[in-house]
Novice: 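Shown below is the structure under consideration.
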Amino acid sequence: MLTTVKNSKNLWSSQSDGTLTPFFWLGDTAWLMLQKLSLQEIEEYFKNRAARSFNVIQAVLMHNKNVASSADDIYVDLNSPQDSGAYWQKAETVLRIAEKHGLYIAFLPVWGSMVKKGYLTAVNAEQYAAFLAERFGKFKNLIWVLGGDIRGHMGFDIWDIMGRTLKKLCPARLITFHPFGRTSSAMWFHDKEWLDFNMFQSGHRRYDQYSLGEWDDNKESEDFYAEDNWKYVRRELMREPMKPVLDGEPSYENIPQGLHDFTQPFWQAKDVRRYAYWSVFEGACGHTYGCNSVFQFYSPGDTDGGYNVQEYWTEGIQLPGAMHMKHLYSLITSVDFAGGSHDDALVSNDGFEKHDRITAFTGESFALIYNYSGREFTINRDLSGTAQWFDPTSGEFSPAQLNGVIRPPRNSAGETDMVLVIK
């Protein structure tokens, strides 16, 4: 069972004997899993993700597809949710299958658009949250994620009602909020007692895509950090009281850069790795991966594939970026990551920014230095221990030298990002 500790940047797993061990969240984005897949398909998907060290699956209980037709088996009326017995039974079965594979399910009660469209209101929010708590609160592998691609002030009272109700009725389950692109839950709910940890959505835009004239522009006063998702981590960990934070939606693998213009290149595995290492080495409590075809479970016969999806989800789960997340998990859990922190002084970034930035994460007995661009660098203080290069595409180690200027090798994919590991 997951828990938090006051003024800690980590999530913790509570053991049966009462001891706490640090929990590294490695999430996958499966928003439409319940709406699109059979139980057999869901189990096959879980097997694939568990084999790649994923331990949290983010999925939505009620999305647009749940209100499309009252004749649909997945239809839910929020004014009488108990009437959709077969659908909720499927959700319970999914939680049990996930537990068998060592997975937590991070359920969103409704997608944000359901608030905008008036399906979830301040009138029925408490009733719906109470129903969910009674139905699912007994599952120890459950996490609640409110919101769903929406700013917190849109329906603020609704989210607050749901958060307070869920925390009151199932206090042992963690709660967070999935916000609009390039915003964070901390902007609206950091001081709320029901918010156990912060989640931000760094989103799918390049540095030069601040304004695209699309629905997901940040037209308000939010900071635009673009690809520098580590900046969200730094900002939120400076708030008081300190709460864990993670990137709940970075750029998805095989989705167009900026989302809307299909002539733009796709985000690739190397970009997926950069977002993960930058945020984790900044002190995030974990990271969520996403894939274009998987989040929507694009399947043969679908006529509504979004964002220029190129492959079916059964192919998407085999993309390299997802496999590379396993190597991140292996590396970060091989050190005392709960005792580590970002270390800006270890490597000089003077004059270097954006993709040339090098990020260091150090603890009492280790130093991890992630270099995305492959530029030469020097280390600013003497470090003892064995130095090795860690290949984030293969998980393999090779010898490294710490003398003078350090020149990183290329990884096994022929690309430039590598991790210098000193233990």
Side-chain angles (χ1 to χ4, degrees), residues 29 31 111-113 116 147-154 156 177-190 198-239 245-282 284 287-292 295 306-309 321 342 344 349-359 370 372-373 375 417:
T29 310
W31 295 134
W111 200 247
S113 58
K116 295 178 182 179
D149 208 11
I150 190 171
R151 290 181 173 91
H153 66 259
M154 300 184 69
F156 178 89
F177 182 92
H178 179 278
F180 190 76
R182 289 140 334 259
T183 71
S184 166
S185 60
M187 297 171 63
W188 305 279
F189 304 111
H190 186 80
N198 281 305
M199 178 178 283
F200 64 92
Q201 180 189 165
S202 62
H204 310 275
R205 295 194 176 190
R206 297 191 308 259
Y207 292 111
D208 62 339
Q209 292 178 321
Y210 175 80
S211 179
L212 299 177
E214 295 287 350
W215 63 268
D216 56 342
D217 275 355
N218 289 73
K219 297 178 181 179
E220 303 186 19
S221 59
E222 299 104 356
D223 293 321
F224 181 76
Y225 297 142
E227 299 176 50
D228 289 340
N229 69 336
W230 60 272
K231 292 182 179 179
Y232 296 94
V233 179
R234 178 166 298 189
R235 183 184 69 186
E236 308 317 0
L237 287 180
M238 292 177 65
R239 297 181 189 263
V245 61
L246 63 90
D247 194 344
E249 187 171 332
S251 295
Y252 291 166
E253 190 167 11
N254 271 21
I255 207 167
Q257 295 177 10
L259 293 182
H260 307 289
D261 182 352
F262 296 166
T263 67
Q264 295 299 302
F266 292 101
W267 293 109
Q268 301 294 322
K270 62 181 181 180
D271 306 298
V272 166
R273 297 193 300 272
R274 172 168 47 81
Y275 283 111
Y277 283 90
W278 272 2
S279 62
V280 170
F281 283 13
E282 189 64 30
H287 188 73
T288 295
Y289 162 87
C291 170
N292 189 11
F295 93 85
Y307 304 111
N308 200 21
V309 60
H342 70 86
D344 284 353
N349 278 301
D350 292 342
F352 294 98
E353 59 181 7
K354 296 183 178 179
H355 291 171
D356 277 329
R357 180 180 184 272
I358 295 176
T359 182
Y370 178 70
Y372 177 74
S373 70
R375 71 172 176 87
D417 61 323

Novice: Verify ring-ring contact (aromatic ring centres under 6.0 Å, His included) between His355 and Tyr207, making sure each step is shown before the conclusion.
Specialist: CA-CA 10 Å; His355 291 171; Tyr207 292 111; 5.6 Å; yes
Novice: What's the shortest heavy-atom distance between Ser202 and Pro250, and which atoms?
Specialist: OG-CA, 3.3 Å
Novice: Determine whether the side chains of Asn198 and His190 contain a donor N or O and an acceptor N or O closer than 3.5 Å.
Specialist: yes
Novice: Does the Thr359 side chain pair with the main chain of Trp278, one donor and one acceptor, at a distance under 3.5 Å?
Specialist: no
Novice: Can you name the closest pair of heavy atoms from Gly203 and Ser251 and give their distance?
Specialist: O-OG, 2.9 Å
Novice: Checking Asn218 side chain against Gly181 main chain: does a donor-acceptor pair fall under 3.5 Å?
Specialist: yes
Novice: Determine whether Lys231 and Glu282 satisfy the following criterion, salt bridge (Lys or Arg N to Asp or Glu O under 4.0 Å), listing intermediate values before the conclusion.
Specialist: CA-CA 8 Å; Lys231 292 182 179 179; Glu282 189 64 30; over 6 Å; no
Novice: Before you tell me yes or no, could you show the steps for Val272 and Tyr289 under side-chain contact (heavy atoms from CB on, under 4.5 Å), namely the whole-Å CA-CA distance, both residues' side-chain angles and the distance that decides it to 0.1 Å?
Specialist: CA-CA 7 Å; Val272 166; Tyr289 162 87; 3.5 Å; yes
Novice: May I ask you to decide whether Asp344 forms a salt bridge with Arg234, counting only side-chain N to carboxylate O separations under 4.0 Å?
Specialist: yes
Novice: Below 30° counts as parallel, above 60° as perpendicular, anything between as tilted: where do the rings of Phe224 and Tyr210 land?
Specialist: perpendicular
Novice: Examine distances only and state if a side-chain atom of His204 and a backbone atom of Gly258 form a donor-acceptor pair shorter than 3.5 Å.
Specialist: no
Novice: Looking at side-chain heavy atoms only, is the closest gap between Arg235 and Tyr225 below 4.5 Å?
Specialist: yes
Novice: Run Ile358 and Phe352 through side-chain contact (heavy atoms from CB on, under 4.5 Å) and show every step you take.
Specialist: CA-CA 8 Å; Ile358 295 176; Phe352 294 98; over 6 Å; no
Novice: Could you report the tightest heavy-atom contact between Arg205 and Glu227, atom names first, then the distance?
Specialist: O-CG, 3.6 Å
Novice: Output yes when a side-chain donor or acceptor of Asp149 lies under 3.5 Å from a complementary backbone atom of Trp111, and no otherwise.
Specialist: no
Novice: Assess the residue pair Glu222 and Thr183 against the criterion (side-chain contact (heavy atoms from CB on, under 4.5 Å)); give the C-alpha distance rounded to whole Å, side-chain angles, the decisive distance to 0.1 Å, and a yes or no.
Specialist: CA-CA 7 Å; Glu222 299 104 356; Thr183 71; 3.5 Å; yes
Novice: With a 4.5 Å heavy-atom cut-off, do Val233 and Leu237 have their side chains touching?
Specialist: yes
Novice: Mind listing the closest non-hydrogen atom pair of Gly290 and Thr29 along with its distance?
Specialist: CA-OG1, 3.7 Å
Novice: Would you call His287 and Tyr277 a side-chain contact if the rule is heavy atoms closer than 4.5 Å?
Specialist: no
Novice: Please check this pair: side chain of Asp247 against backbone of Tyr275, looking for a donor-acceptor N/O pair closer than 3.5 Å.
Specialist: no
Novice: Taking Gln209 for the side chain and Arg206 for the main chain, is one N or O donor matched with an acceptor at less than 3.5 Å?
Specialist: yes
Novice: Could Arg182 and Asp217 be called an ion pair, given the rule that one side-chain N must be under 4.0 Å from one carboxylate O?
Specialist: no
Novice: What's the spacing between Phe200 CZ and Ser184 OG if we round to 0.5 Å?
Specialist: 7.5 Å
Novice: Start with the C-alpha gap between His153 and Trp188, add the side-chain angles, then the distance that decides, and say whether side-chain contact (heavy atoms from CB on, under 4.5 Å) holds.
Specialist: CA-CA 7 Å; His153 66 259; Trp188 305 279; 3.5 Å; yes
Novice: Between Asp228 and Trp230 (side chain of the first, backbone of the second, donor and acceptor by atom type, cut-off under 3.5 Å), is there such a pair?
Specialist: no
Novice: So which atom in Ser279 and which in Ala276 form the shortest heavy-atom distance, rounded to 0.1 Å?
Specialist: OG-O, 3.2 Å
Novice: Test Asp417 against every option in Lys270, Arg273, Arg357 by the salt bridge (Lys or Arg N to Asp or Glu O under 4.0 Å) rule and name the one that passes.
Specialist: Arg273
Novice: Distance from Thr288 atom OG1 to Gln201 atom CD, nearest 0.5 Å?
Specialist: 11.0 Å
Novice: Between Arg151 and Phe180 (side chain of the first, backbone of the second, donor and acceptor by atom type, cut-off under 3.5 Å), is there such a pair?
Specialist: no
Novice: Below 4.5 Å, heavy atoms only, C-beta onward: do Phe177 and Ile150 meet side chain to side chain?
Specialist: yes
Novice: Got Tyr232 and Val245 here, is their nearest side-chain heavy-atom distance under 4.5 Å?
Specialist: no
Novice: Does the pair Glu253 and Asn292 meet the rule for a side-chain hydrogen bond (donor to acceptor under 3.5 Å, both in side chains), with working shown?
Specialist: CA-CA 6 Å; Glu253 190 167 11; Asn292 189 11; over 6 Å; no
Novice: What verdict does the ring-ring contact (aromatic ring centres under 6.0 Å, His included) test give for Phe189 and Phe156, after you've listed the backbone C-alpha separation in whole Å, the side-chain angles of each residue and the deciding distance to 0.1 Å?
Specialist: CA-CA 9 Å; Phe189 304 111; Phe156 178 89; 5.2 Å; yes
Novice: Measuring from Trp267:CH2 to Ile255:CD1, what's the distance to the nearest 0.5 Å?
Specialist: 11.0 Å
Novice: Check whether Asp271 reaches the backbone of Gln268 with its side chain - one donor and one acceptor, N or O, closer than 3.5 Å.
Specialist: yes
Novice: Between Ala186 and Glu236, which heavy-atom pair has the shortest distance, and what is it?
Specialist: CB-OE1, 3.5 Å
